[in-house]
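Taking it in order: structure first as structure tokens, then the write-up.
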2 protein chains.
Amino acid sequence: MLSKKAKYGLKAMFYLGKHFGKGPVLISDLAEEENIPKKFLELILLELKKNGLLYSKMGKGGGYSLSKSPEEITVGQVVRILDGPLAPIPCVSKTAYMKCAECDNEKTCEIRKIMMQVRDASAAILDHTSLMEAPKAIFSVNRKSK
Amino acid sequence: MLSKKAKYGLKAMFYLGKHFGKGPVLISDLAEEENIPKKFLELILLELKKNGLLYSKMGKGGGYSLSKSPEEITVGQVVRILDGPLAPIPCVSKTAYMKCAECDNEKTCEIRKIMMQVRDASAAILDHTSLMEAPKAIFSVNRKSK
DNA sequence: TATATATTCTATCGAATTAGTAGTTTATTT
DNA sequence: AAATAAACTACTAATTCGATAGAATATATA
């Protein structure tokens with residue numbers, strides 16, 4: 001499940017994507033426009049900033065803006081920062097791999113094989129969808145064998 | 001993230017799949033073989049039984065077995081019972097749809113469009129992978145447009 | 001330099017979820 | 001009746017989620 005945090009974060013990022021090049025946006029405005037609890041949004045934007053996706057400026061005339069163009073920021077990046085790895089289980093994560101405590105033979109683990117496919121499919125979609133092209137459905141899943 | 005509950009449940013189901021046709025399996029044996037806390041496993045098996053995936057018998061000579069052949073049970077079914085809908089957000093779930101509280105225009109919601117793709121990709125994999133064919137990689141994700 | 005503005009930081013909090021455990025009850029076989 | 005094994009009920013500790021509160025810091029401008 002996508003957390004509210006990630007959902008709010010994505011909303012904010014899309015909003016900032018639409019405003020890209022038009023100067024900084026205030027947290028307050030963003031919160032009101034997108035119906036996000038302001039204080040919660042503060043933390044979210046800060047986290048996205050610390051991970052290099054946002055630029056901010058304090059004081060009058062300040063606010064938040066994307067640190068690069070919307071085409072260069074993917075939904076996958078945002079989700080990973082706010083919700084952690086896309087992988088359903090740590091042992092199939094490419095960005096945060098961790099061996100299963102119990103599992104002795106990773107090669108033969110059925111669960112791992114399936115979840116690997118799920119991870120790959122999800123990552124393929126989320127990592128190739130930027131804040132610009134988001135609305136387009138650019139992927140499909142095709143049956144191969146059997 | 002796949003919960004431990006679902007992970008244990010899948011392990012148990014694969015185990016029962018391998019023992020299909022060889023008589024009932026004891027919770028105790030299953031718990032020990034697969035390194036699952038016995039009491040926790042009890043609850044899991046009960047839930048899978050109540051949802052029609054397992055058959056059980058009390059008393060001596062009793063135990064658990066699949067209620068149908070392993071080919072007929074998919075990983076998706078097991079995960080949905082134990083962890084709920086596959087969809088990352090309720091508004092893209094086919095089995096447990098729920099409108100987003102805030103969202104006024106579902107058609108134009110970017111997040112929804114992306115998560116719909118993720119759901120479809122995940123469901124395609126999990127719903128077409130049975131307890132038998134689990135180890136095979138039968139799907140791939142192909143880029144379409146752009 | 002004082003003031004207003006806006007982000008940043010630290011801390012806390014209630015509710016829900018997760019991952020179990022304990023103990024009792026019921027059904028079944030011998 | 002005794003042994004066996006699942007079924008049921010009820011907790012609980014620890015963590016995560018979704019926030020909120022208030023103070024600190026940086027920046028612009030008058």
Side-chain angles (χ1 to χ4, degrees), chain A residues 1-12 16 19 23-67 79 81-85 88-90 100-102, chain B residues 1-12 16 23-32 34-67 79 81-85 88-90 100-102:
Chain A
M1 266 283 277
L2 197 75
S3 70
K4 286 209 170 187
K5 192 173 166 189
K7 202 175 169 186
Y8 291 156
L10 284 173
K11 277 191 168 194
L16 291 173
H19 282 248
V25 175
L26 298 184
I27 298 182
S28 315
D29 292 349
L30 224 174
E32 198 166 350
E33 288 287 325
E34 296 292 334
N35 276 294
I36 304 170
K38 193 198 159 189
K39 274 300 196 176
F40 196 14
L41 181 58
E42 278 183 21
L43 302 179
I44 294 168
L45 295 180
L46 204 54
E47 207 169 334
L48 292 170
K49 181 202 168 163
K50 283 180 178 161
N51 282 276
L53 262 42
L54 294 177
Y55 163 84
S56 72
K57 203 178 162 188
M58 283 174 147
K60 195 166 190 183
Y64 271 100
S65 46
L66 298 185
S67 65
V79 172
I81 290 167
L82 299 174
D83 272 2
I89 43 177
C100 293
E102 342 87 73
Chain B
M1 267 282 276
L2 197 75
S3 71
K4 285 209 172 189
K5 192 173 165 190
K7 202 175 169 188
Y8 291 156
L10 284 173
K11 277 191 169 192
L16 291 173
V25 174
L26 297 185
I27 297 182
S28 315
D29 291 350
L30 225 175
E32 198 167 350
E34 296 292 333
N35 276 295
I36 303 170
K38 192 197 160 188
K39 274 299 196 177
F40 196 16
L41 182 58
E42 275 184 25
L43 302 179
I44 294 168
L45 296 179
L46 204 53
E47 206 169 335
L48 291 170
K49 180 200 168 165
K50 281 180 179 162
N51 282 275
L53 261 43
L54 295 177
Y55 163 84
S56 71
K57 203 178 161 188
M58 283 172 146
K60 194 166 194 184
Y64 271 99
S65 46
L66 298 184
S67 66
V79 172
I81 289 167
L82 299 175
D83 272 2
I89 44 177
C100 294
E102 343 86 73

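Hydrogens, waters and symmetry mates play no part in the numbers below; they use all other heavy atoms, side chains included. Sequence lines set the chain letters: A, B, ... in the order given, protein chains first and strands last, and positions in each chain run from 1.
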Completion exercise
Taking D:dA6, D:dA7, D:dA19 as options, the one with an atom nearest any side-chain atom of B:Leu26 is D:dA6
Exercise for the section: Can you tell me the distance, in whole Å, between the NZ atom of B:Lys7 and the P atom of C:dG20? Expected result: 11 Å
Exercise for the section: Among the candidates C:dA6, C:dC9, C:dT29, find the nucleotide nearest to the side-chain atoms of A:Glu42. Expected result: C:dC9
Handout entry: Length of the CZ-P vector between B:Phe40 and D:dA7, whole Å
Key = 17 Å
Problem - Exceeds 12 heavy-atom contacts within 6.0 angstrom, atom CD of B:Glu34 - result: yes
Practice task
Grab the CG-C1' distance between B:Leu46 and D:dA5 for me, whole Å please.
Solution key: 13 Å
Practice task
Considering just the side-chain nitrogens and oxygens of B:Ser56, establish if one lies under 4.0 Å of OP1 or OP2 belonging to D:dA7.
Solution key: yes
Problem - NZ/NE/NH1/NH2 to OD/OE distance under 4.0 Å, A:Lys50 and A:Glu47 - result: no
Problem - Distance test, side-chain N/O of B:Lys57 to OP1/OP2 of C:dT29, below 4.0 Å - result: yes
Exercise for the section: Return yes if some donor-acceptor pair links the side-chain N/O of B:Ser67 with the main-chain N/O of B:Leu53 below 3.5 Å, else return no. Expected result: yes
Handout entry: For atom CD1 of B:Ile27 and atom P of D:dT4, their distance in whole Å
Key = 16 Å
Problem - Phosphate-side-chain proximity, B:Tyr8 and C:dG20, N/O vs OP1/OP2 below 4.0 Å - result: yes
Handout entry: Contact under 4.0 Å: A:Lys39 side-chain N or O vs C:dC13 OP1/OP2
Key = no
Handout entry: B:Lys5 side chain near C:dT18 phosphate (N/O to OP1/OP2, under 4.0 Å)
Key = no
Exercise for the section: Decide if the gap between the ring center of A:Tyr64 and the ring center of A:Tyr55 is smaller than 6.0 angstrom. Expected result: no
Handout entry: D:dC8 phosphate, OP1 or OP2, under 4.0 Å from B:Lys50 side-chain N/O
Key = yes
Problem - Residue-phosphate contact under 4.0 Å: A:Lys49 side-chain N/O, C:dT8 OP1/OP2 - result: yes
Exercise for the section: Looking only at side-chain atoms of A:Lys4, point me to the closest of D:dT4, D:dA6, D:dA19. Expected result: D:dA19
Problem - A:Leu48 CG - C:dT7 P separation (whole Å) - result: 14 Å
Completion exercise
Contacts of A:Gly61 and A:Leu2 projected onto DNA chain D by closest heavy atom; the upstream (5') one is A:Leu2
Practice task
Determine the contact category for A:Leu43: base if any of its heavy atoms lies under 4.0 Å from a base atom, sugar-phosphate if only primed atoms, P, OP1 or OP2 are that close, otherwise nothing.
Solution key: base
Practice task
Give the rounded distance in Å between these two atoms: CG of A:Leu41 and P of D:dA21.
Solution key: 16 Å
Practice task
Take B:Tyr64 and B:Lys60, find for each the nucleotide of DNA chain D with the closest heavy atom, and name the residue whose nucleotide sits nearer the 5' end.
Solution key: B:Lys60
Exercise for the section: Return the value, rounded to whole Å, for the distance between atom CE of A:Met58 and atom C1' of D:dA28. Expected result: 13 Å
Exercise for the section: Check side-chain hydrogen bond (donor to acceptor under 3.5 Å, both in side chains) between A:Lys49 and all other residues, then give those that pass, not counting sequence neighbours. Expected result: A:Ser56
Practice task
Send over the distance from B:Lys38 NZ to D:dA7 P, rounded to a whole Å.
Solution key: 12 Å
Problem - Pairwise distance CG(A:Leu16) to CG(A:Leu30) - rounded to 0.5 angstrom - result: 5.0 Å
